[in-house]
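Input: a single structure, listed below in structure tokens.
We count ligands from 1, going down the list as the structure has it; atoms in each ligand are counted the same way.
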Amino acid sequence: MSRLELLPAVDVRDGQAVRLVKGASGTETSFGEPLAAALAWQNAGAEWLHLVDLDAAFGTGSNRELIREVTGALDIKVELSGGIRDDASLAAALATGCTRVNLGTAALESPEWVAKVIAEHGDKIAVGLDVVGTTLRGRGWTSDGGQLFDVLARLDAEGCARYVVTDVNRDGTLTGPNLQLLRDVCAATDKPVVASGGVSSLDDLRAIATLVGEGVEGAIVGKALYEQKFTLEEALEAVSG
Ligand SMILES: O=C(O)c1ccccc1NCC(=O)[C@H](O)[C@H](O)COP(=O)(O)O
């Protein structure tokens, strides 16, 4: 059985690495330079970085230059998220050299465009399924966007390669991942799932790792690393078995 991939997160707001609570704008805690955080995770052994432009996600601006600088400075794989909703923003995201992009709002509001880019770019496109209960959230998690399993079935039929699944109410709260949500999504698709939001401990990561056989491929970790609940080295060791 393969090992759970870990994706430390760098969420960027107004040029700073921040953490939010439940993805809510205005709840930022700042953790300094995004590049310094990204390099720290790379030096600690990360194979992936989950990099989010929160201003683009919220529609309050863009950190495009900074995102390009961070992605270009790294040797590891980068999953890029936040505000990728049309040809121009997708082209800019892919031009950073990132390994894949994560579409959110577009998958809810522009289904024809998303079907087209899935067909064009295949594995380079993941879709973020950000949910409260089973209701999807878009526009920086501020608007309702349909039912999780309806949208998942549509995206599966269009050949979507991978899903990043977040329980919005766990995100940035250190209350643990929603394991049942992950199981339910894995049961509904054969495509790999990346778990996001809520990880607080090495035991949470070990619990997510038990779902690898069901289809969970990776786990995004944000606040727990920034608040030093454990180190990335410890996290990689915890899921190495
Ligand atoms: O990913 C997005 O596009 C996004 C949009 C609006 C608010 C938050 C968004 N992402 C947050 C993340 O991806 C977190 O980094 C990730 O879920 C880690 O959460 P945690 O480990 O609970 O800090």
Side-chain angles (χ1 to χ4, degrees), residues 4-14 16-31 34 37-38 41 46 48-64 67 70 78-85 89-90 93 98 100-109 125-132 136-143 145 162-179 181-182 193-202 204-205 207-208 216 218-230 232 235:
L4 183 76
E5 292 174 346
L6 293 185
L7 299 86
V10 175
D11 292 15
V12 183
R13 187 100 206 245
D14 203 13
Q16 293 291 296
V18 300
R19 304 307 312 151
L20 304 178
V21 179
K22 301 184 182 180
S25 185
T27 63
E28 291 85 356
T29 309
S30 183
F31 290 93
W41 306 140
W48 277 96
L49 182 76
H50 175 73
L51 182 58
V52 184
D53 187 341
L54 287 173
D55 288 296
F58 289 125
T60 54
S62 150
N63 298 279
R64 192 173 279 181
I67 296 282
V70 172
V78 175
E79 173 178 270
L80 204 52
S81 187
I84 304 167
R85 296 174 190 165
S89 50
L90 176 61
C98 68
R100 66 176 180 242
V101 301
N102 190 26
L103 308 180
T105 303
L108 311 178
E109 297 184 1
I125 306 283
V127 169
L129 300 170
D130 308 316
V131 296
V132 173
L136 287 154
R137 305 286 283 169
R139 300 261 156 207
W141 302 355
T142 58
S143 67
R162 177 174 282 95
Y163 302 101
V164 178
V165 175
T166 306
D167 180 334
V168 170
N169 282 330
R170 307 277 182 124
D171 201 84
T173 65
L174 298 172
T175 51
N178 185 337
L179 299 173
L181 172 68
L182 296 170
V193 167
V194 177
S196 188
V199 168
S200 69
S201 66
L202 295 176
D204 286 343
L205 291 174
I208 296 173
V216 176
I220 293 168
V221 190
K223 196 164 201 168
L225 287 172
Y226 290 89
E227 297 212 342
Q228 300 176 357
K229 301 295 180 192
F230 48 78
L232 186 60

Trace of the side-chain contact (heavy atoms from CB on, under 4.5 Å) decision for Ser200 with Lys229: CA-CA 7 Å; Ser200 69; Lys229 301 295 180 192; 5.7 Å; no
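- A heavy-atom separation below 4.0 Å is found between Gly172 and ligand 1.
- Polar contact check, Ile220 against ligand 1: no nitrogen or oxygen pair lies under 3.5 Å apart.
- Of the polar atoms of Thr173, none of the N or O atoms is found under 3.5 Å from an N or O of ligand 1, judged by distance alone.
- When the options Leu20, Val12, Asn63 are evaluated for a side chain to side chain contact (heavy atoms under 4.5 Å, CB included) with Leu54, the one that passes is Leu20.
- Side-chain contact between Glu79 and Ile220: present, with at least one pair of heavy atoms (C-beta onward) separated by less than 4.5 Å.
- Across the listed options Arg19, His50, Lys223, Arg19 owns the non-hydrogen atom lying nearest to atom 18 (C) of ligand 1.
- Residue-to-ligand polar distances keep Thr166 apart from ligand 1: every N/O pair is separated by 3.5 Å or more.
- Residue Gly222 has at least one N or O atom closer than 3.5 Å to an N or O atom of ligand 1.
- Applying the 4.0 Å criterion to heavy atoms of Leu54 picks out, from ligand 1, the atoms 6 (C), 7 (C), 8 (C), 9 (C).
- Within the listing of ligand 1, atoms 15 (O) sit less than 4.0 angstrom from a heavy atom of Ala9.
- Side-chain N/O atoms of Asp55 and Ser62 include no donor and acceptor closer than 3.5 Å.
- Within the 4.0 Å heavy-atom shell around ligand 1 one does not find Ala224.
- Thr166 and Arg137 are not linked by any side-chain donor-acceptor pair at a separation below 3.5 angstrom, with hydrogens and angles left out of the test.
- Remark: distances from the non-hydrogen atoms of Gly198 to ligand 1 include one below 4.0 Å.
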